[in-house]
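Below, each value reflects all heavy atoms present in this structure, side chains not excepted, and no hydrogens, waters or symmetry copies.
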Amino acid sequence: KRRKVVGYHIQFNMINFKKAGIIFLASGFILSGCTTKDNSNSSTPVEKKEIKAISLEDFTKNLSNSEYQFIDTRDDEAYNGFKVDNVKNGGHLKNSIQYSASFIGKVNKNKEAKFISDKGLDKNKKIVVYDTNKDNIDKVSDKFASLGYEVYKFEDYKTFADNDANKANIIAYPEYQNLVSPKWVKDVQDGKKPETYTNNNYAIFEVSWGELDKAKAYKEHIKGAYHFNTDWIEEGPVWNLRSADEIKKNLLKQGITSDKTIILYSSDASAAFRVNWALKWAGVKDVRVLNGGLQAWKDAGYEIESNVNTPQEAKDFGVNVPAHPEYDIARAKEMSEKAQKEGIKLVSIRSWDEYTGKTSGYDYIDKKGEPKGAVYGFSGTDAANMDDYYDPDGTLRNPQEIYNLWKGQGISETDKIAVYCGTGWRNSIPWFMTQLTGRANTYFYDGGWNDWQLEGSLPADENKDKGAKPDAKNDFK
């Protein structure tokens, strides 16, 4: 049967998962813009500060200057590492803050000031906005200036990123290729060879629960995409992975082999990431997740259809399943023993009401609570929601923002951690992030609270005295 959660199920639609000048010779800045009043975000008028420009020389010279903050307004793919706009060195400035231009117009105006401040912007510092797209720079610069920030535009980032002398200041995530844009997927469909794609064989899957007659999310899908039923990889009552033989058989039926590039997307916030983890565990070498899902695809103007597509069955998976058994800590007892032996922190990717024992989150999970000593790792408002992990444009939130939240919960970069949720869906998102960024010592505990409470003998805690939910610093609705 379909896995049910308490209350109603929220389908999270990932929506796309972005002169007059006066030369001031003394500082090298070019001044432009004007000073106005802006009342859109507060009952108190805010002085819109003059937007200035910063030269390549001053940009480079002040990279380590603590009086400056650098804001990257590009989409995730460029920030993470793809060489968008043909920059030679992909990635983002070390210690930069990401505020994608695609956020503009998608944040509640009454919450905009706090949302931007929560990104870490400081009105006592010089805010340098950079991108390879001047329109993006203008949009974000204007927004920041209207809220009283001292803004400097840098319009020569491509020149900076093309210079190998600056490579030490640019960070590309080790597995940036795992999260892809609609354009990347469309290029694959069109027979092109977008960056990091070296294959000649691919398949696109819409991921959701149910066979075709029950798969509502597949009624409208990317042209050429197949449906992937999450039941093919998991089963109750624990909702852990099926046996290796069953999974191998089910994958082969869908034409999935270890050497085929598999592109996943879902309307549910977690489904594609859950299957991504399972395919990696099984041994599929190249799995991508479409950032922003179907909505991002539609926003890009690409073709959709309602026809049912049927993949051709494959005969040989190519490797023994699982190829990566180390990706899965399946059962509660194993997790408890490993945590005690290796000092692993259990990180709960569940709602605050689940974490504090107000609800189990699911109608088939009887007991409320958490494994004793578990640390809160954020998620969303209920068991079907992951709002803390998504941006206003429906794409995945910047991983460093999540790590900063974790730090506030006492989770350091060097800690060994095991992420879990109720039944292994929601924790697949932070696990994906840790793989993307190369964060070491991160484990996936599949059984979650469901298996922990079913086991019965392991220590649990209802955490009822934890007070209010910590601020996820992501309130934009």
Could you check whether any side-chain heavy atom of [X] comes within less than 4.5 Å of a side-chain heavy atom of [Y], counting everything from C-beta outward?
{"X": "R288", "Y": "V188", "answer": "no"}
{"X": "V284", "Y": "F317", "answer": "yes"}
{"X": "I263", "Y": "Y197", "answer": "no"}
{"X": "F115", "Y": "N108", "answer": "no"}
{"X": "I429", "Y": "Y390", "answer": "yes"}
{"X": "P371", "Y": "Y420", "answer": "yes"}
{"X": "K106", "Y": "D391", "answer": "no"}
{"X": "L294", "Y": "E206", "answer": "no"}

>> Does the structure place the NZ or CZ of K186 under 6.0 Å from the centre of the six-membered ring of Y302, at an angle of no more than 45° from the ring's axis?
In response: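 Yes, a cation-pi geometry.
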Could you check whether any side-chain N or O of [X] sits under 3.5 Å from a backbone N or O of [Y], counting only pairs where one atom can act as donor and the other as acceptor?
{"X": "Y443", "Y": "L346", "answer": "no"}
{"X": "H221", "Y": "N307", "answer": "yes"}
{"X": "D85", "Y": "V87", "answer": "no"}
{"X": "N450", "Y": "G422", "answer": "no"}
{"X": "N229", "Y": "W209", "answer": "no"}
{"X": "Q189", "Y": "K223", "answer": "yes"}
{"X": "D387", "Y": "G380", "answer": "no"}
{"X": "W184", "Y": "E195", "answer": "yes"}
{"X": "D415", "Y": "I417", "answer": "no"}

Are [X] and [Y] close enough for a salt bridge, meaning some N to O gap below 4.0 Å?
{"X": "R274", "Y": "D446", "answer": "yes"}
{"X": "E354", "Y": "R426", "answer": "yes"}
{"X": "K368", "Y": "E462", "answer": "no"}
{"X": "K214", "Y": "D231", "answer": "no"}
{"X": "D475", "Y": "K114", "answer": "no"}
{"X": "D135", "Y": "K139", "answer": "no"}
{"X": "K473", "Y": "D118", "answer": "no"}
{"X": "K183", "Y": "E77", "answer": "no"}
{"X": "R242", "Y": "E235", "answer": "yes"}
{"X": "K119", "Y": "E401", "answer": "yes"}

Just by distance, with hydrogens left out, do [X] and [Y] show a side-chain donor and acceptor under 3.5 Å apart?
{"X": "D286", "Y": "Q177", "value": "no"}
{"X": "K358", "Y": "T356", "value": "yes"}
{"X": "N133", "Y": "K158", "value": "no"}
{"X": "Q254", "Y": "N250", "value": "no"}

> Considering residues at least two apart in sequence or located in another chain, which fulfil the side chain to side chain donor-acceptor pair (under 3.5 Å) criterion with N178?
Replying inline: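 Once residues adjacent in sequence are excluded, N178 has no partner under the side chain to side chain donor-acceptor pair (under 3.5 Å) criterion.
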> What about Y176 and F82, are their ring centers closer than 6.0 Å?
Replying inline: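 Distance test on ring centres: under 6.0 Å, yes.
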> Do H92 and Y130 have ring centres separated by under 6.0 Å?
Replying inline: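 Distance test on ring centres: not under 6.0 Å, no.
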Is the ring pair [X]/[Y] parallel, tilted or perpendicular, if the boundaries are 30 and 60 degrees?
{"X": "Y362", "Y": "Y364", "value": "tilted"}
{"X": "Y218", "Y": "H227", "value": "tilted"}
{"X": "W232", "Y": "F228", "value": "perpendicular"}
{"X": "W431", "Y": "W277", "value": "perpendicular"}

>> Between E455 and K333, does the salt bridge (Lys or Arg N to Asp or Glu O under 4.0 Å) criterion hold? Intermediate values first, please.
In response: CA-CA 8 Å; E455 205 285 330; K333 273 194 172 181; 3.5 Å; yes
>> Walk me through whether Y265 and I204 qualify under side-chain contact (heavy atoms from CB on, under 4.5 Å).
In response: CA-CA 8 Å; Y265 75 93; I204 304 170; 4.1 Å; yes
>> Go through it in stages, so that I can follow the logic: the residues are D164 and N89, the test is side-chain hydrogen bond (donor to acceptor under 3.5 Å, both in side chains), and I'd like the CA-CA distance, side-chain angles, deciding distance and then a yes or no.
In response: CA-CA 7 Å; D164 284 340; N89 297 296; 3.2 Å; yes
> side-chain contact (heavy atoms from CB on, under 4.5 Å) between R74 and D131: does it pass, once the steps are laid out?
Replying inline: CA-CA 6 Å; R74 298 173 300 161; D131 198 313; 3.2 Å; yes
>> Working note: I411 + Y403, criterion side-chain contact (heavy atoms from CB on, under 4.5 Å); need CA distance, chi angles, decisive distance, verdict.
In response: CA-CA 8 Å; I411 305 167; Y403 300 161; over 6 Å; no
> Can you list the steps and then say if D259 with N201 is a side-chain contact (heavy atoms from CB on, under 4.5 Å)?
Replying inline: CA-CA 8 Å; D259 291 328; N201 199 6; over 6 Å; no
> Under the criterion side-chain contact (heavy atoms from CB on, under 4.5 Å), which of I344, L458, I329 is the partner of S336?
Replying inline: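 Only one of I344, L458, I329 forms a side-chain contact (heavy atoms from CB on, under 4.5 Å) with S336, namely L458.
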>> Can you tell me which residue among T437, V287, N276 is in a side-chain contact (heavy atoms from CB on, under 4.5 Å) with F432?
In response: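 Testing F432 for a side-chain contact (heavy atoms from CB on, under 4.5 Å) against T437, V287, N276 leaves exactly one candidate, N276.
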> Checking side-chain hydrogen bond (donor to acceptor under 3.5 Å, both in side chains) for the pair Q295/D299: CA distance, chi angles, key distance, verdict?
Replying inline: CA-CA 6 Å; Q295 189 61 53; D299 288 346; 3.0 Å; yes
